[in-house]
Structures are given as C-alpha cells and as structure tokens.
Engineer: 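My questions will all concern the structure given below.
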Amino acid sequence: MIDYEKCLENPPYSLGKEEKEAFLTKYLLELTKHHKESCRPYEKILEAENVNLNNVCSYEELPFLPVRMFKDMELRSIEEEEIKKTITSSGTTGQQVSRIYLDQKTSMLQTKTLTKIVGDFLGNKRLPMLILDSSAVLKDRKMFSARGAGILGFSIFGRDKMYALNENMELDLEGLQMFLEKHKGEKIFLFGFTFMIWQYFCSELERTGFHPDLSKGVLIHGGGWKKLDSFHISSKAFKEKLRQVCGISEVYDYYGMAEQTGTIYMECEYGHLHASIFSDILIRRPGDFSLASIGEEGLIETVSVLPWSYPGHLLLTEDEGVILGEDDCPCKRKGKYFKVKGRIRNAELRGCSDTYAEGI
Amino acid sequence: MQNSGGAVILMQKEYDDIRFYYPETCCFEEMAELPALDIFDEGVCSFLDKLSDLIRHDKECRNYPDVLTFGFFCRRAHIEQLKKNYSEKNRLGRGLTFHIAPSNVAINFAYSMAAALLAGNPCAVRVSEKDFAQTHMIGRLLREASKETKNQERDIGRYIALFTYGKKREITDHLSKLCAVRVIWGGDQTIGEIRKSPLRPRSSEITFADRYSLCVLGARTVLAEKRMDRLAGDFYNDTYLFDQNACSSPRLIYWIGEADEIKAAKERFWSAVSDFLKDKYQVGPKVAVDKLMTEYKAAAVIPGIKFERKSANLINRMELMELVPEIAGFTCPGGSFFEYGDVNFNALRSVVTEKFQTLSYYGADKEELISFIKTNGISGIDRVVPVGHTADFSLIWDGYDLIRTMSRIVDGFGQY
C-alpha cells in the first residue's frame, strides 16, 4: 500500500533532479504493481510488452498507455461498487469520451494535491472567487465533465463564489458589479477555461464597453489552446486582451489531463509550465519513443503518482512539447519546466481509406 | 434540382460546384443517352491505345510510375490479352456508369474508367477532392486523345467525364438516379454515405468495402532466398508504399514451417524489411501513437500476444500464440502486423471471413492455397497473388468480374 500521507508531506517544488527521480520511481513502480494486480487488461498489456518490474531502475522505463485508451476501453483498478464518481472528458478529437473511474481515496488525493500545487501560487487563504463560466456546468453531479471537475476542484481556494455567466452563457453584468462592489480592495481569485474566458468574458467586456477593475485579481485558467490556436490567438495576445478589458495582470495558465486530475502543471511568472514533485513530464521521440533531450520537441508523456483507482499513472498524450530546463527556472521552483506546442496533427495517409465519408 | 418534362436535370448552381478535369464541362443527361457499346469495342480499344501512347511519350508522366503503369495497362497488346477471357459475342454495356474513386490513391480512378469503357459504357468519374497531379495529366491526355480520335466512327471522348465535387449530396443524388451502374471505391463508411442516394430499380452497384488481407510466407524459402532485398522491396510495395492502408495490404503474416525455421526466417525477413525501410519510410507521431494503441487494445483482448520491438516504431509486430477471429478488429495503418506460425494452413479456417480479400504468398504453392480455400468452403479470400503484386489491377477485382458486372447479355435462343 502506498503511503500517500507521507508522499504529500513534501512541498510541491522542493526536490532536485536526482531526489525527484528516486521519489517518483518508488511510487510509480508501486502503482504499476498495484494496477497489474487489480486491472486485468493492464496486466495483459504488461505481459505482451514483456516487462519485468523487478528490473526497472527508473519510472522512465515503465510502459505508458496512450491516453485515448480510456475512450475505447473501461480501465479501472477498483470494484464497481467502489466507484465514487466518473469523470468524462472529450479531450482529444472525436465523439467518444474518456471515462475515468474514481474512488473515495483517489478523489481525495486529487483535491489534496491540487491544494498543495495551487497554494504555491495563491497562498493558503481563501479568496473571493469569480468563476468565469456558467453554473449550468455543474448540473449533473454524478456524471462529471472535466470542466465541472475543474471548477469544483479549484473552488476550494475560493469563498463567496460567483459565476460570471448565467445559464445561457451570458455575462451577468449586474451580478458582477455587485460582487466587485462588495469585495472592493480585496484580492480576488478568478478561474475559468481559456476558450470560455476569451469567448464569453473578454469579448463581452469589449463589446459592452464595461471595464471592471480587476487589477488586484489573480486568474488561473486551463483547458488548452486548441480552439484559440485555430483563431491564431497567442498566449501573449490573450494576456494583453485581459489587461485591456479588466486590468488584470496576474494570469497563470495551467496544463493538465482530465485523466490525471490533481497533478496540474502551473505556469510561473516567467511563462513556463512546471512539473510538481507529484508528477512529471517526459518528452518522447515519435520514431522509437526514446527520451528526447532538453530543447528537443516530441510527444508528451505525463506521469502522476495519484491515479490509484485506474491505471492512468503513465500516459502518452497526443500533445507535442519541449522541455525548456530542469531545476533552473528563474522562479526558483525545482523540477522540469516546459512548453506545450499543441496537438499532433492527423496523418495524411495513402491507401483506399474512408476519408470521403466526412460528409457528402 | 428541377423537374422538367419528367427528366431531372441539375440546376446551374450545382454544376458550378463541380470541378471538371475532362472535358471542360459536360451534360450528364446526354452522356446517359449515348448508345451502349460492345464489350472490348474496337473504338474503345483504339482510344485506350492512343491514350497509352500519349502517356508513354509524355514528359511529365515519366516521373509518375503509377501513371506509366496505367499507360502500359491500356496498350493494345495488353487489352488484346485481356479480351481473350471474354469470347462471348452478345455482350454490351449497361449504360452510364458513375464512379466514386478513393480519395487517397491518385490513379485508381483511371482503371475504374478503363474497365467501364471496355465493358461498353459511358463513365462519369468523381475523382478525389485532393488535386492530384496525376488527375490533371490524365485529363490533359484525354483531351488530346479525344481530339485525335474525334473523326473515327465513334467519338469515344464523349463517353468520359472526370470531375470532382465537395459535400454536395444533390449531385450524388442526381448522378445516382441517372446511372445504370454505380461503382463505389473506398470503405464501409463511404458506401453507407453514398447509399443514401437511391439508384433506379434496374441499376446495379459494385462496392469495394473495407477488407482484410494477409500474407503467407514459407520459412524455408525465406531462409534460402539470396535476394532478400528484392523480397523486402516486393513486400514494401504491398504495404508501406500505401501506408499499409490499401485493402490489399497484408495485416496478418502467416508463417509456414517448423517452429525453429520460422524463428530464424522471421529474423531474416524483418531485418531485410527494416533495412529497406530505413531511408524510405518515416513514422509520424500520430501513426506511432495509433499503432501503440492498437497493440495495447489487442493485447487486452487477445490472450498470449507478445510484442516484438526490434524495429522501434517502424514495424510493429504482434506475435500470436493462436489465431483468433478477433485479430481483424485491430488494424492500424503504417506498419502494424499480426504474426502467426504453423506447419500447415489449417488455422486459417477459423479466422477467414468474407471480409478477407487478398492472400499474397511467397514460398507457398498457389494451387495448394486455392485448393485449400475451395475444399474448406472458406467464405473469404478473393485473390491469391505473389508477394509484390497485391496492388496489381486486374479486371477481376475483389471477387467481381468488372467487365461482366458492368455489361449485359442479349439472350437469343431458339429458332422460329
């Protein structure tokens, strides 16, 4: 049994390269053994891969599952009656959704870990919270969307919460004014998803000409850049627009997989995404999945010590990224810092396949 | 669409959505009225020979082996050869044929067109929306051939239209109503989409659905082969040349021999293939992830799979302890293979379904394979061809005799 209490005692950015590798190897090897015992399909995959867990020296050698597996297969390491909630995520392209099964323990670990990571940026005091989304997202409590899970997860940092959008995704200008009046002069925590913020918050403030003063606010946003990339809106342009419409200057993006909720990768004040000690980023070369060097682009593998109820501790994403450095970011946080380049593109294949059918 | 005098005609707007490669524009209704011809009509044969001549002497075509191969297919000597299998005198075309060519193989449409012409029919060919250079070349040479053969007895140039259009259901509806035979290349999904457009009651259809193909390799012959590079090249032509995405590309490698021979032969074969691929083929990130996922999904379902990782992400091999029907559900383009070894073909009986198309062989006896399929009454496998020839076009394709399917017989019996 993994001693998570002890694991989570460590401050999130406290370990240097070697210590961290030993720390992660210990926990991830144990997790791999646990899933091998508890999840039959996972065990069969390890057998086919011919892995001998007794010979593994580093977590970097452990097999990783393509994250899309969770869309096509039911993968869990707990009994059905232990499922506390199921997180769904459309994540990668396509109609099917990922299904992540959480038990009480994993769910609690996710919350605790998120608190530790985000606490490093927000402090430990709860702040008045403005959610840049609609309350409608949380309607169905049993079937969580990743968006709902994100909002709930981050709500632990807030008090006196207010949703900036009504159920029709319209900006609640009146409510917003009242909220700001009430918390005048206070530091405010804002949270939302990158595309939603752009589409329903920034654009509306610009259209209405209502420019609230949020210069004392801290915004944390996530969910990825896929949609904004398609509009050619950069992270810089996003931040600039926010400063223009509401004067906010402290804006942190985060990267994370719904399949590894809790261990998110926060952006620091230098614009770098950071891996905490509870998780890591590995960049793999597409040709042979070997590890890329610092500065070399490749496929992102995300590693997390949290997934206990499902075998999602080592995941090969469909994102490309690059490690910028390790232990030496000017923000003083230890661990790897990196950049996400975006989703891998669909391959153009030859052969008599079915691309014609995409709509006629 | 408008109804005028009983005949449905396309409105001008819809014609605007059609991009023509040959001729500049055309009236499909007029094409549908053209008289059907005898199979292997002399006019058609001369026209194809003319086209062949133009292709083989064209500077631009020289750089396109697929176009050249088609040029050789069309030459008179070869057509005469093909004609020998069709001695019946009273066969003629059915009328307008409407072809939906695959989106990812540039030259395939040309064979579909040639077969329909040889069967005596006018052909309206919807080519890929991707603007292939090959389509332009054929279009240009069709114009030339048409100019030069215009004054002959039959103006065969009028029997052909090459064009493409986007997501316009109306156009598909219209041509489907107009045609006597519809030919759908592509896969299950495309067929499903196109079938939403009804045919006339007497019209028929040829569909090339998603298929599964396999390769039989004799271990002993592989071990004795001196030119492994040539065998590897032939195998490449069946697989990686089309990203292993053609329906005739093998996905299962069935080894014949004793266990130790097979082990050694595998080593020899795959290292030759790997050497051959090194400078020729690259696996992109998407394909690499897809292949890994296919393997993991297969391993979770099929018992006793072992992955062979010697060629990194270039060649993904899954070794099977036993042959099970589930393998057909785990296909992935870009070099993903199941492997099974045995002393005879018997295990094939339990896996081959009507989905199986091409069996390519090396170091095995063709007659023995065909007789195995026949004596066991196996429901699939339409073609048995040597390794390296899975993509060779023939007038019998996917179990259809294209000439006979696209033509009809005038039955004259008895005497008054």
Side-chain angles (χ1 to χ4, degrees), chain A residues 39-51 63-75 92-93 283-290 292 297-301 311 315-321 341-360, chain B residues 100 102-106 108 128-129 165-169 171-172 185-194 196-197 208 210 241-249 282-290 292-293 295-307 309 312-314 318 333-334:
Chain A
C39 178
R40 181 78 182 114
Y42 184 75
E43 182 189 12
K44 286 165 86 177
I45 289 167
L46 292 193
E47 278 167 8
E49 199 64 277
N50 215 358
V51 188
F64 37 84
L65 297 188
V67 70
R68 235 182 324 131
M69 296 268 304
F70 290 90
K71 284 189 175 186
D72 295 340
M73 295 186 68
E74 184 174 313
L75 292 167
T92 43
T93 40
I283 303 292
R284 295 199 178 268
R285 299 182 177 119
D288 57 4
F289 293 144
S290 62
E297 261 179 58
L299 285 162
I300 297 177
E301 177 189 341
L315 295 177
L316 185 65
T317 71
E318 303 209 344
D319 291 327
E320 283 177 305
K341 293 281 183 175
R343 197 61 54 81
I344 52 174
R345 257 186 279 165
N346 259 328
E348 281 255 343
L349 294 169
R350 291 166 282 193
C352 31
S353 68
D354 239 339
T355 45
Y356 177 82
E358 278 162 20
I360 184 146
Chain B
I100 295 105
S103 57
N104 290 338
V105 191
N108 171 289
S128 170
E129 275 184 81
Y165 55 87
K167 296 156 187 173
K168 281 279 176 228
R169 168 81 186 272
I171 304 172
T172 308
W185 298 84
D188 296 358
Q189 232 187 314
T190 303
I191 294 167
E193 279 303 313
I194 303 280
K196 290 176 187 163
S197 304
F208 300 103
D210 288 338
L241 180 62
F242 303 103
D243 293 313
Q244 199 200 14
N245 200 28
C247 38
S248 55
S249 298
Q282 249 195 325
V283 170
K286 176 78 180 160
V287 171
V289 176
D290 283 351
L292 182 71
M293 192 165 91
E295 289 186 319
Y296 281 5
K297 277 158 64 179
V301 172
I302 300 167
I305 285 191
K306 289 277 179 234
F307 304 140
R309 295 267 182 246
N313 293 343
L314 201 53
M318 294 178 268

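Here is how names work: the chains are called A, B, and so on, in the same order as the sequence lines, proteins then strands, and each is numbered from 1. These figures come from a predicted structure and were not determined experimentally.
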Engineer: B:N313 side chain to A:P286 main-chain N or O, any donor-acceptor pair under 3.5 Å?
Structural biologist: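 Checked: pair present.
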Engineer: Using a cut-off of under 4.5 Å on heavy-atom pairs, state which of A:G298, A:P63, A:G287, A:P41 scores highest against chain B.
Structural biologist: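 Maximum pair count with chain B is reached by A:G287.
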Engineer: Which atoms of A:I45 are under 4.5 Å from chain B, going by heavy atoms: the side chain, the backbone, both sets, or neither?
Structural biologist: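 Contact with chain B: backbone and side chain both.
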Engineer: Once rounded to the nearest 0.5 Å, what's the spacing between atom OH of B:Y296 and atom CG of A:L75?
Structural biologist: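 Those atoms lie 12.5 Å apart.
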Engineer: Under a 4.5 Å cutoff for heavy-atom pairs, which residue among A:R40, A:M69, A:E47 has the most contacts with chain B?
Structural biologist: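 Of the candidates given, the most pairs with chain B belong to A:M69.
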Engineer: Please identify, among B:L314, B:L292, B:N108, the residue contributing the most non-hydrogen atom pairs under 4.5 Å to chain A.
Structural biologist: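 With the most close heavy-atom pairs to chain A, the winner is B:L292.
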Engineer: Can you tell me how far NZ of B:K306 sits from CD of A:E49, rounded to the nearest 0.5 angstrom?
Structural biologist: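 So the CD of A:E49 and the NZ of B:K306 are separated by 10.0 Å.
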Engineer: Taking side chain as everything from C-beta outward and backbone as N, CA, C, O, which of these in A:M73 sits under 4.5 Å from a heavy atom of chain B? Side chain, backbone, both or neither.
Structural biologist: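 Contact with chain B: side chain only.
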Engineer: Are the side chains of A:D72 and B:M293 in contact, using a 4.5 Å heavy-atom criterion?
Structural biologist: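 Side chain of B:M293 against side chain of A:D72, heavy atoms only: contact under 4.5 Å found.
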Engineer: Compare every heavy atom of B:A288 with every heavy atom of A:F289, then report the nearest pair and how far apart it is.
Structural biologist: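 Where A:F289 meets B:A288 most closely, the heavy atoms are CZ-O, 3.7 Å.
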Engineer: Chain B heavy atoms under 4.5 Å from A:E320: which part of the residue, side chain, backbone, both or neither?
Structural biologist: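 Looking at A:E320, just its side chain touches chain B.
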Engineer: Heavy-atom cut-off 4.5 Å, strictly under: side chain, backbone, both or neither for B:P285 against chain A?
Structural biologist: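 For B:P285, the contact with chain A is made by backbone and side chain together.
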Engineer: Considering only NZ, NE, NH1 and NH2 on the basic side and carboxylate oxygens on the acidic side, decide whether B:D290 and A:R68 come within less than 4.0 Å.
Structural biologist: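 The answer is yes: the pair qualifies as a salt bridge.
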Engineer: Please report the interatomic distance CG(A:L65) to NZ(B:K297), rounded to the nearest 0.5 Å.
Structural biologist: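 The CG atom of A:L65 sits 12.5 Å away from the NZ atom of B:K297.
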Engineer: Hey, does the side chain of A:K44 reach the backbone of B:G304 with a donor-acceptor pair shorter than 3.5 angstrom?
Structural biologist: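 Judged by distance alone, no pair lies under 3.5 Å.
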